[in-house]
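Notes for the one structure printed next.
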Amino acid sequence: MAYCEQCGAELVKRELAHEGMVAYCAQCDAYRFPYSNTAVSMIVLDPTQTKILLIRQYGKADWILVAGYVKADEALEDALHREFHEEIGTCLDQVRYQTSAYYEASNTLMCNFAVVAQDVDLSKCCEWEIDEARWFSFAQAKKAIKPNSLAQRFLFRFLASWAQIRSQL
């Protein structure tokens, strides 16, 4: 954060007791702590837990994970259920937190979950958000996921630990 979100003045680093060096606005005489967006992404498994759902969005050719932003008044779990229902048109049965990672391009903390869909029906997908949704075998999903992406990192981490995760879902 280089500029004050209140007045637009350039921020400088200034010592704050018990916090260390923090961005400071001399014009507002206030410390400015960093903030970021929060989003959820999900490794969606079919009810038999043998397939993974990937989607394409906004005219792009890349296969990615279902994801969405967390609203200001939402818990992560509530955002998962809402986003999945909005985008795919069905509900989730099981949810398990996986990991998180910072996505610099949108200043977003991405929180990733492994989830199980109630059914495999993709006929209710949101047409203005989802161009295509498809179930893939684990091996197919590994090949199809957008290369060098955060979605790929999340998926590969999930696949590497699948045996342990499966016993906990």
Side-chain angles (χ1 to χ4, degrees), residues 1-45 52-60 62-88 91-117 126 128-130 141-142 144-169:
M1 187 160 68
Y3 298 93
C4 178
E5 72 269 11
Q6 294 295 318
C7 72
E10 191 169 357
L11 299 172
V12 297
K13 295 288 184 182
R14 185 169 165 184
E15 182 78 27
L16 178 61
H18 310 292
E19 295 291 337
M21 299 302 285
V22 176
Y24 176 79
C25 177
Q27 188 166 316
C28 295
D29 188 30
Y31 289 95
R32 300 294 183 208
F33 289 88
Y35 60 90
S36 62
N37 302 305
T38 307
V40 292
S41 77
M42 49 197 108
I43 313 283
V44 180
L45 299 167
I52 294 174
L53 180 66
L54 299 179
I55 63 169
R56 289 181 172 161
Q57 288 183 297
Y58 312 123
K60 296 180 181 173
D62 297 315
W63 289 102
I64 59 172
L65 302 174
V66 176
Y69 286 99
V70 178
K71 293 181 179 180
D73 61 348
E74 267 184 326
L76 295 174
E77 297 81 1
D78 295 336
L80 276 172
H81 290 278
R82 177 186 53 77
E83 282 291 338
F84 189 74
H85 190 266
E86 285 176 4
E87 292 187 10
I88 306 303
C91 297
L92 298 173
D93 265 342
Q94 300 172 45
V95 171
R96 183 182 184 278
Y97 175 76
Q98 276 239 124
T99 190
S100 64
Y102 177 70
Y103 183 60
E104 188 173 1
S106 62
N107 188 35
T108 302
L109 176 63
M110 296 292 295
C111 302
N112 182 253
F113 293 79
V115 301
V116 177
C126 175
W128 62 87
E129 283 200 59
I130 305 293
K142 191 173 182 178
I145 195 82
K146 180 180 179 179
N148 304 311
S149 66
L150 189 53
Q152 183 187 53
R153 248 180 39 214
F154 286 151
L155 179 64
F156 284 14
R157 178 187 169 119
F158 168 81
L159 292 172
S161 59
W162 172 238
Q164 179 184 2
I165 290 169
R166 185 177 178 117
S167 68
Q168 296 174 6
L169 280 176

message = So, taking the atom named CG in D73 and the one named CG in D78, what distance separates them when rounded to the nearest 0.5 Å?
response = 9.0 Å
inquiry  = Just verifying a value: how many Å separate R82 CZ and E74 CD, rounded to the nearest 0.5 Å?
reply    = 4.0 Å
request  = I would like to know whether N112 and S41 meet side-chain hydrogen bond (donor to acceptor under 3.5 Å, both in side chains); could you show each step before the answer?
outcome  = CA-CA 5 Å; N112 182 253; S41 77; 2.7 Å; yes
request  = Could you walk me through whether I52 and I145 pass the side chain to side chain contact (heavy atoms under 4.5 Å, CB included) test, one step at a time?
outcome  = CA-CA 11 Å; I52 294 174; I145 195 82; over 6 Å; no
ask   = Are the side chain of N37 and the backbone N or O of S106 linked by a donor-acceptor pair below 3.5 Å?
value = yes
ask   = Between CZ of F158 and CH2 of W162, what distance do you get to the nearest 0.5 Å?
value = 4.5 Å
task = Return the minimal non-hydrogen interatomic distance between V70 and A79, and the atom names on each side.
result = CG2-CB, 3.8 Å
ask   = Rounded to the nearest 0.5 Å, how far apart are CD of Q98 and CE of M110?
value = 12.5 Å
ask   = Are the side chains of Y102 and N107 in touch, meaning some heavy atoms are under 4.5 Å apart?
value = yes
task = Looking only at non-hydrogen atoms, find the nearest pair between L76 and T38 and report the distance.
result = CD2-CG2, 3.9 Å
key: Over 12 non-hydrogen atoms of neighbours within 6.0 angstrom of CD in E104   = no
remark   = To the nearest 0.5 Å, atom OH of Y24 lies from atom CZ of R32 at 10.0 Å
task = Looking only at non-hydrogen atoms, find the nearest pair between A144 and L54 and report the distance.
result = CB-CD1, 4.1 Å
task = Carefully, step by step, assess H81 and C91 under the rule side chain to side chain contact (heavy atoms under 4.5 Å, CB included).
result = CA-CA 7 Å; H81 290 278; C91 297; 5.9 Å; no
inquiry  = Could you check whether any side-chain heavy atom of F33 comes within less than 4.5 Å of a side-chain heavy atom of E19, counting everything from C-beta outward?
reply    = yes
query = What are the two closest heavy atoms between Q27 and A9, and how far apart are they?
reply = OE1-CB, 3.9 Å
note = Per side chain to side chain contact (heavy atoms under 4.5 Å, CB included), L53 is matched among V115, L45, V44 by V44
request  = Answer yes or no: is there a side-chain heavy-atom contact under 4.5 Å between V95 and F84?
outcome  = no
remark   = So CG of L11 and OH of Y3: to nearest 0.5 Å the spacing works out to 9.0 Å
query = Do K146 and Q152 have side-chain heavy atoms sitting under 4.5 Å apart?
reply = no
task = Search all heavy atoms of T108 against all heavy atoms of A39 and return the closest pair with its distance.
result = CG2-CB, 3.6 Å
ask   = side-chain hydrogen bond (donor to acceptor under 3.5 Å, both in side chains) with R56: which residues, sequence neighbours excluded?
value = E132
ask   = Is the OH atom of Y58 crowded by more than 12 outside heavy atoms at less than 6.0 Å?
value = yes
ask   = Can you tell if the side chain of M21 reaches within under 4.5 Å of the side chain of R14, non-hydrogen atoms only?
value = no
